[in-house]
Amino acid sequence: MMDPIDGYCREFLDLVKGLKNKGYKMHEISHLLELHPPVLSGLCKTVLPAIIKPKIPSASSESKVNAAFDLVNNISKEKTLKNLSAYIETLKSISHVTVVDQNPQFYEPYKKVIANSFETTSAQFVGLYDCFTLSSNSNMIKHEPVLISVNNMRKYVEVRKGNQHSQYTFEGFMVLCGSHMISIHLIDSKDDIQETGLIQLIQPFTRKFKLLRGIYLTLGFSRTPIARRIVLYKVKSECSREEFEGIPTQYYTRDDFPSEINKEIVDYVSDPSDIVECVGLPHPTFDVQDLAREKKMVTLLRSDL
């Protein structure tokens with residue numbers, strides 16, 4: 001007659017094996033069971049197999065359990081035996097969830113795009129740019145520096161948006177999307193709560209261009225998504241990091257901006273009809289009623305631009 005503890009051990013091991021076959025990693029299973037990964041590994045590889053197949057087959061249930069836990073020094077016998085049935089129930093509850101096998105080649109196409117962009121963009125896009133977009137904190141045009149450079153060590157085109165004088169400093173990389181679009185992926189390098197940004201630009205078909213234009217997607221003042229027009233006006237092809245860090249960030253209104261700033265750029269980025277913003281509603285219903293309320297709020301927020 002099978003010892004009851006043997007049955008629990010076999011069921012636990014079978015459930016863990018089943019989850020691994022479905023694509024779960026051991027550290028994921030340990031997280032679900034609220035166990036440290038080394039503890040789960042020790043149970044599966046050493047302790048529970050030793051209970052099922054003890055060195056002394058005729059040993060009593062208590063002695064074989066004690067001998068099994070004596071093989072490790074980081075697992076509590078009392079806690080394990082007390083919670084073993086609960087662990088089994090937890091494993092059963094997730095055993096019906098199907099996990100799609102992750103293709104180990106998933107990122108390879110992206111790596112190829114980054115590598116290809118490194119080879120083709122270094123001469124064409126590298127340089128210092130004046131960046132113009134509507135501020136997410138006020139109805140003003142934000143003017144800040146953007147530096148595009150080549151990281152020869154890591155083989156990618158590096159982008160820096162903003163510097164030590166900016167409220168937000170984003171760093172990231174540029175890739176070419178076919179022959180039509182430039183994609184710049186950014187992450188906030190100052191904030192502990194890391195935020196991301198995405199810039200999609202129309203790709204020029206000539207090396208002699210003055211500006212790049214497109215859409216900038218990031219978080220607005222209410223910490224919800226906002227999409228705005230963005231213009232990168234090329235200043236020069238070479239700029240040191242020290243020079244870049246010394247360039248100030250400036251804000252202009254639509255009717256009051258320096259004479260050296262092109263009016264067409266200001267008009268282009270500040271048109272309220274071009275702004276798409278999701279705003280945080282007070283007491284949202286999370287239903288279709290929110291859609292009309294949100295549009296009214298956005299209209300009020302941008303009406304004085």
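Side chains included, hydrogens not; waters and symmetry mates left out as well; all remaining heavy atoms used. Nothing fancy with the numbering, it's 1 onward along the sequence.
The local environment of NZ in Lys296 is sparse, with at most 12 non-hydrogen atoms from other residues, nucleotides or ligands closer than 6.0 Å. Within a 6.0 Å sphere centred on CZ of Arg213, heavy atoms belonging to other residues, nucleotides or ligands number 12 at most. Summarising the local packing, NE2 of His27 is surrounded by more than 12 heavy atoms from other residues, nucleotides or ligands at distances under 6.0 Å.
Salt-bridge check for Glu11 with Lys92: passed, with a basic side-chain N closer than 4.0 Å to an acidic carboxylate O. Salt bridge Asp271/Arg228: absent, no basic N to carboxylate O contact under 4.0 Å.
Partner of Ser270 under the side chain to side chain contact (heavy atoms under 4.5 Å, CB included) criterion, out of Asp255, Ile141, Ile265: Ile141 alone. Each of Val231, Leu134, Ile230 was compared with Val269 under the side chain to side chain contact (heavy atoms under 4.5 Å, CB included) criterion, and only Val231 meets it. Checked options Ile184, Ile182, Ile202; the residue passing with Leu212 is Ile182 (criterion: side chain to side chain contact (heavy atoms under 4.5 Å, CB included)).
Defined by atom type and a distance below 3.5 Å, a donor-acceptor pair is present between the side-chain atoms of Arg229 and Tyr268. With hydrogens and angles left out, the side-chain atoms of Ser63 and Ser60 include a donor and acceptor closer than 3.5 Å.
Note on ring orientation: taking the six-membered ring where Trp is involved, the planes of His185 and Phe173 are parallel (angle under 30°, cut-offs 30° and 60°). Between Phe132 and His143, the angle of the ring planes stays under 30°, which puts this pair in the parallel group of the 30/60° scheme.
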| Working for side-chain hydrogen bond (donor to acceptor under 3.5 Å, both in side chains), residues Glu89 and Tyr87 | CA-CA 5 Å; Glu89 292 304 314; Tyr87 293 154; over 6 Å; no
| said: For a salt bridge (charged side-chain N to carboxylate O under 4.0 Å, His left out) check, start with the C-alpha distance between Lys82 and Glu78, then their side-chain angles and the critical distance, and finish with the verdict. | reply: CA-CA 6 Å; Lys82 178 183 176 181; Glu78 289 74 18; over 6 Å; no
| request: Carefully, step by step, assess Tyr233 and Phe209 under the rule ring-ring contact (aromatic ring centres under 6.0 Å, His included). | output: CA-CA 9 Å; Tyr233 191 87; Phe209 63 88; over 10 Å; no
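In this structure, Asn151 contributes its side chain and Tyr156 its backbone to no donor-acceptor pair below 3.5 Å.
What you find for Ile226 and Leu219 is that their closest heavy atoms are CG2-C, 3.6 Å.
With contacts defined as side-chain heavy-atom distances shorter than 4.5 Å, the pair Ser183/Ile199 does not qualify.
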